[in-house]
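Data first, discussion second: the structure below is written as structure tokens.
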Amino acid sequence: MVEFTDPAYATTLAAMGLREIDDFFTHDAVVAWRSIRERENCVLETALGKLHVKRMFKPGGAEAANAEVTGIRHLHDAGIATTPLVAHASDETGRGLIVTADLEGFVQLDQRLIDGQLQWEQIAGPTAALAAKLHQSLHHRDMYLCHFLGRLDENGLIQLALIDPARVKPLPRWFAKRWLVKDLAQFRYGCLEAGIGEGALDDWLRRYGRPDLLGAVKRKCDRIAKHDLNLRRKQPERRVSIHDATD
């Protein structure tokens, strides 16, 4: 059974034959673009626009879906834009499902930097401000640059959204520094992968407001780089992005 469906989408999904959790796991219209051990990332084209579907396998899929729903709600409560929740579900076998709406006009910042369609100075200040706002009450735990989406408004200013909030949690009172450093190091690593230089990233941390964390962030970033290298060797399928799979 689907536990929640946004009323704006209920009729459209039902007309497509998408009423139960099994339907989302078997329907031909739900097209997987990445398949890894614990989940599949899919897209679903509807009359109301593109939807993003995560099919989470047992065991642990139900918990993963519930965690992402909670993360979306945390970001919403903090006033941080993220993907709108369309539906979610779980079943007694441990599978989970989450469906979100496409953020129309938003693009992955890392890919647009690599493509040369965005310049670092367009996003440095806004991403630092968004990270600082997030860290007033939350930590992301997966705050890589690829999880920042952006679009230019009519004045040429960038609007941002933060996605993949499955690990978002309230920032604890004790040991908060540990979680801030983890987020900031993940962001730094993602930026280095996109070709941003060390000096520009040192300046970004000053814009964020914590230059005192630079040494700890660099050390953690180095550890992330080693871990990511091992992960690429063992599970190369994880490196597929929606940009590569669908553009």
Side-chain angles (χ1 to χ4, degrees), residues 2-9 13 24 33-34 38-44 46 48-56 61-90 96-113 118 122-153 157-171 179-180 182-184 186-187 190-191 194 208 241-243 246:
V2 176
E3 296 161 9
F4 166 81
T5 303
D6 184 333
Y9 290 87
L13 293 177
F24 286 89
W33 57 267
R34 176 169 57 192
E38 66 271 19
R39 72 173 184 274
E40 286 183 331
N41 295 78
C42 312
V43 291
L44 170 64
T46 77
L48 297 177
K50 181 190 292 184
L51 301 181
H52 299 274
V53 179
K54 287 186 182 178
R55 303 190 292 212
M56 298 154 173
E63 291 83 356
N66 290 335
E68 186 147 354
V69 170
T70 299
I72 287 174
R73 290 173 176 161
H74 281 320
L75 292 180
H76 177 78
D77 291 345
I80 295 173
T82 190
T83 46
L85 183 62
V86 170
H88 67 85
S90 58
L97 171 76
I98 183 165
V99 184
T100 54
D102 193 56
L103 286 166
E104 187 176 355
F106 282 80
V107 296
Q108 285 181 262
L109 296 187
D110 62 330
Q111 293 294 342
R112 296 310 178 232
L113 286 173
L118 277 176
Q122 291 176 276
I123 69 167
T127 52
L130 181 59
K133 181 177 182 179
L134 172 78
H135 288 157
Q136 289 174 9
S137 59
L138 302 170
H139 58 117
H140 193 279
R141 299 174 69 194
D142 207 10
M143 205 182 80
Y144 293 95
L145 180 60
C146 62
H147 292 152
F148 284 75
L149 303 186
R151 69 177 178 189
L152 296 177
D153 65 17
L157 300 176
I158 195 154
Q159 299 174 321
L160 296 178
L162 192 56
I163 64 168
D164 274 22
R167 302 176 70 189
V168 169
K169 290 185 178 180
L171 188 66
W179 298 109
L180 297 181
K182 181 180 177 69
D183 274 5
L184 296 169
Q186 289 172 335
F187 182 82
C191 290
Y208 165 82
S241 75
I242 192 169
H243 174 85
T246 63

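Not measured: the values here are computed from a predicted model. For this chain, numbers begin at 1 and follow the sequence in order.
Atom CD1 of I163 sits about 7.0 Å away from atom SG of C146, to the nearest 0.5 Å. Remark: I72 CD1 to I80 CD1 distance equals 13.5 Å, nearest 0.5 Å.
Here N66 pairs with nothing under the side-chain hydrogen bond (donor to acceptor under 3.5 Å, both in side chains) rule; sequence neighbours left out. With sequence neighbours left out, the side-chain hydrogen bond (donor to acceptor under 3.5 Å, both in side chains) criterion links N41 to R34, R39.
In this structure, the side chain of R141 does not engage the main chain of K169 through any donor-acceptor pair within 3.5 Å. Looking only at distances, no side-chain donor or acceptor of R151 sits under 3.5 Å from a matching main-chain atom of G105. For the pair Q186 (side chain) and D142 (backbone), a donor-acceptor distance under 3.5 Å is present. D183 contributes a side-chain N or O that, together with a main-chain N or O of H140, makes up a donor-acceptor pair within less than 3.5 Å. Side-chain atoms of H74 never come within 3.5 Å of backbone atoms of L138 as a donor-acceptor pair (strictly under, hydrogens ignored). For K133 (side chain) and G79 (main-chain N/O), a donor-acceptor pair under 3.5 Å exists by modelled atom type. Within the 3.5 Å criterion, the main-chain N or O of L162 finds a donor-acceptor partner in the side chain of T82.
Aromatic pair H135/Y208: centroids less than 6.0 angstrom apart.
Using a cut-off of 4.0 Å between Lys/Arg side-chain N and Asp/Glu carboxylate O, K54 and D164 are scored as salt-bridged.
Below 30°, between 30° and 60°, or above 60°: for W179 and H139 the angle between ring planes is between 30° and 60°, a tilted geometry.
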